[in-house]
Amino acid sequence: MLDPTSLFTWEPHVDQRTLRTPTMVVTLGSYVDAGHTQRQLDRQLLEQLPNRVLGRFDADQVLDYAGRRPTITFDRDHFSSYEAPEITLRLLTDHDGTDFLLLNGPEPALQWERMAASVRHVAEQLGVEQTVLLQSMPAPAPHTRPVAVTRYASDPELVADEAPVLGTFQLSASFTGLLTLRLGEAGQRALGLVAHVPHYIADNDYPAAAAALMGALRDVAKLAVPVDGFDLVAGIVRAQIDNQVAASEELVEMVGALERGYDAFVEERHLRNVENSQLPSAEEIGHQFEQFLADLGDGGPDEDAGTAG
C-alpha cells in the first residue's frame with residue numbers, strides 16, 4: 001500500500017498541532033444517496049454553521065471519473081468551466097460553540113485501504129474520539145410514516161440499547177463500511193446512522209429523511225446542529241407525493257401495504273425493546289442483592305414503616 005499520510009494535504013494556514021476535535025461527522029457517498037439526504041445535510045450544515053476547510057484528500061487518486069463523471073460546461077464554442085470533485089475535511093462550529101469535523105465528498109472508488117488509513121491517521125492527529133457516519137438507503141417504507149433511522153457501530157456495545165433490525169448476511173461493500181471496520185480495529189469509536197427512504201421516491205429530494213438524520217446526529221453526538229429548516233420543504237414534498245399517490249389506485253394500494261408492514265415492524269420492535277428493558281443486567285441484580293442483605297442487617301429497609309404495619 002502506498003503511503004496513506006501523503007494522500008491528505010493540510011491547508012497552508014492550518015496548524016494541526018493546535019487542533020483537538022473529538023467528533024468527526026462523515027457524509028461521504030455510499031451506494032446511493034437515497035432521497036439526496038447527504039447533499040441536503042451538507043448544504044444545511046455549511047450554510048448555517050461557521051466553517052472552514054482544513055485540508056483535502058487527493059481525489060485524483062481515489063476517484064473513478066469514468067464511472068462517476070463530473071460536470072464540465074461547454075459555452076457555444078469552448079469549454080468554460082469544470083467542477084472538479086473534492087473530498088474535503090472542514091472544521092465546523094455548532095450553535096453552542098462546539099467544534100466538530102465534517103468529512104464530505106463523493107465515495108472513493110480506488111485505493112480504499114489507503115484512503116481508510118489516511119482518514120484514520122488524520123483523525124488520530126486531531127484527537128477524534130468518535131466518528132458518526134450519516135447515510136440513507138431505499139427501503140420498503142411509506143412516506144406517510146416517520147422516517148426510521150437505524151444504527152450500526154464499530155463496537156456492538158455502542159448500540160447495545162437498540163434491538164437489531166437485520167440478521168447476518170453478506171452484501172457488496174461500501175467505503176464507509178470498510179472505514180467503520182478499520183476504525184474499530186484501530187480502537188476508535190465509529191457509529192453509523194442510516195435513514196430509511198421510501199424506495200419509490202429515493203431518486204428525489206426527501207427532506208424528511210435529512211431532518212431525521214440531523215436530529216439523530218444531534219442526539220448521538222450531543223451537537224447543537226441546525227435541525228430546523230427542513231419542515232417547510234418537507235411539508236411541500238409530502239403534499240406533492242400525496243397528490244401523485246391519490247391519482248393512482250395502484251399507488252394507493254402499494255402505500256397501504258407499506259403502511260401495514262411499517263406499523264407491524266414498529267410494534268414488533270417496540271415489544272422487543274420493552275422486553276429487553278425489563279431484563280435487569282447482572283450488575284443491577286448484584287446491587288439489588290447487596291442492598292437486600294444490608295437491609296436485613298439493619299432490621300429492614302424501613303423500620304418505622306414496618307412497625308406501623
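Counting begins at 1 with the first residue of the sequence. Keep in mind that what you see is a predicted model, and the values were worked out from it rather than measured.
Counting all heavy atoms, side chain and backbone alike, His95 lies closest to Val225 at CD2-C, 4.3 Å. The shortest heavy-atom contact between Ala34 and Val197 is O-CG2, 3.6 Å. In this structure, Phe175 and Pro108 approach most closely via the heavy-atom pair CD2-CD, 3.8 Å. Contact between Pro106 and Ile87 at its shortest, heavy atoms only, is O-CD1, 3.8 Å. Contact between Val227 and Gln44 at its shortest, heavy atoms only, is C-NE2, 4.4 Å. Leu158 approaches Ala190 most closely through the heavy-atom pair CD1-O, 3.9 Å.
Between Val233 and Asp205, every side-chain heavy-atom pair lies at or beyond the 4.5 Å cut-off. Looking at Leu101 and Val25, their side chains never come closer than 4.5 Å, going by heavy atoms from C-beta outward. At a threshold of 4.5 Å between non-hydrogen side-chain atoms, the residues Glu107 and Trp112 count as touching. The side-chain heavy atoms of Pro85 and Tyr65, taken from C-beta on, include a pair separated by under 4.5 Å. Taking 4.5 Å as the limit, every side-chain heavy atom of Leu181 sits out of range of all side-chain heavy atoms of Ser154. The shortest distance between side-chain heavy atoms of Arg17 and Gln125 does not fall below 4.5 Å. No side-chain heavy atom of Val26 sits under 4.5 Å from any side-chain heavy atom of Val132. Within the 4.5 Å cutoff, the side chain of Phe57 has no heavy atoms near those of the Leu63 side chain.
Hydrophobic clustering keeps Leu179 apart from Leu110 (ILVMFWY residues linked when any side-chain heavy atoms are closer than 4.5 Å, directly or through intermediates). Hydrophobic clustering, with ILVMFWY side chains joined whenever heavy atoms are under 4.5 angstrom apart, keeps Leu134 apart from Tyr206. Ile201 and Val194 fall into different hydrophobic clusters, where Ile, Leu, Val, Met, Phe, Trp and Tyr side chains are chained together by heavy-atom contacts under 4.5 Å.
Rounding to the nearest 0.5 Å gives a distance of 6.5 Å between CZ of Arg43 and CD of Glu47. Taken from CG in Leu49 to CZ in Arg90, the straight-line distance is 12.5 Å, to the nearest 0.5 Å. The CG atom of Asp94 lies 12.5 Å from the CD atom of Gln48; values are rounded to the nearest 0.5 Å. Once rounded to the nearest 0.5 Å, the distance linking OG1 of Thr9 with CG of Leu54 reads 13.0 Å. If you take CG on Leu217 and CE on Met214, they are separated by 7.0 Å, rounding to the nearest 0.5 Å. Note that the CE atom of Met1 and the OG atom of Ser118 stand 9.5 Å from one another [nearest 0.5 Å].
Within the structure, every pair that satisfies the side chain to side chain donor-acceptor pair (under 3.5 Å) test and touches residues 127-141, not counting sequence neighbours, is listed here: Thr23-Gln130, Ser30-Gln135, Thr37-Ser136, Gln135-Tyr152, Gln135-Thr176.
Between the side chains of Gln61 and Arg114, a donor-acceptor pair is found at a separation under 3.5 Å. Between the side chains of Thr98 and Asp96, no donor-acceptor pair is found at a separation under 3.5 Å. Side-chain contact, Thr73 with Ser81: a donor N or O sits under 3.5 Å from an acceptor N or O. A donor-acceptor contact under 3.5 angstrom links the side chains of His143 and Asp242, judged on distance only. Judged purely by distance below 3.5 Å, without hydrogens or angles, the side chains of Asn104 and Thr88 pair a donor atom with an acceptor atom. In this structure, a donor-acceptor pair under 3.5 Å is present between the side chains of Asp99 and Thr93.
Without hydrogens or angle criteria, His36 side chain to Asp33 main chain gives no donor-acceptor distance under 3.5 Å. Under a 3.5 Å cut-off, the side chain of Asp64 and the backbone N or O of Gly67 do form a donor-acceptor pair. The closest donor-acceptor contact from the side chain of Thr18 to the backbone of Asp15 lies under 3.5 Å. In this structure, Asn51 contributes its side chain and Leu92 its backbone to no donor-acceptor pair below 3.5 Å. Judged by distance alone, the side chain of Gln40 and the main-chain N or O of Phe230 form no donor-acceptor pair under 3.5 Å. Although no hydrogens or angles enter the test, the distance criterion places no donor-acceptor pair under 3.5 Å between the side chain of Asp75 and the main chain of His78. Gln38 contributes a side-chain N or O that, together with a main-chain N or O of Leu28, makes up a donor-acceptor pair within less than 3.5 Å.
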*Checking side-chain contact (heavy atoms from CB on, under 4.5 Å) for the pair Val53/Trp10: CA distance, chi angles, key distance, verdict?*
CA-CA 9 Å; Val53 175; Trp10 296 95; over 6 Å; no
*Take Val14 and Leu19 through the side-chain contact (heavy atoms from CB on, under 4.5 Å) test and state the conclusion after the steps.*
CA-CA 9 Å; Val14 174; Leu19 294 174; 3.9 Å; yes
*Stepwise side-chain contact (heavy atoms from CB on, under 4.5 Å) test for Arg218 and Leu223*: CA-CA 5 Å; Arg218 174 197 58 195; Leu223 292 172; 5.9 Å; no
*Would you check, one step at a time, whether the test side-chain contact (heavy atoms from CB on, under 4.5 Å) holds for Leu103 with Val119?*
CA-CA 9 Å; Leu103 173 61; Val119 172; 4.0 Å; yes
*Run the numbers on Arg56 and Glu11 for salt bridge (Lys or Arg N to Asp or Glu O under 4.0 Å), then give the verdict.*
CA-CA 8 Å; Arg56 293 176 171 84; Glu11 288 290 283; 2.8 Å; yes
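The only option from Thr180, Leu133, Val220 that meets the side chain to side chain contact (heavy atoms under 4.5 Å, CB included) definition with Leu191 turns out to be Val220.
Summarising the local packing, CG of Asp219 is surrounded by more than 12 heavy atoms from other residues, nucleotides or ligands at distances under 6.0 Å.
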Can you give the donor-acceptor pairs under 3.5 Å from side chains of residues 250-261 to other protein atoms, not counting sequence neighbours?
{"unit_1": "Glu259", "atom_1": "OE2", "unit_2": "Thr144", "atom_2": "OG1", "d": "2.6"}
{"unit_1": "Arg260", "atom_1": "NH1", "unit_2": "Gly256", "atom_2": "O", "d": "3.4"}

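Take Ala212 and apply the side chain to side chain contact (heavy atoms under 4.5 Å, CB included) test, not counting sequence neighbours, and it matches Val147, Val149.
The residues Arg182 and Glu113 are annotated as salt-bridged, a charged nitrogen and a carboxylate oxygen being separated by less than 4.0 angstrom.
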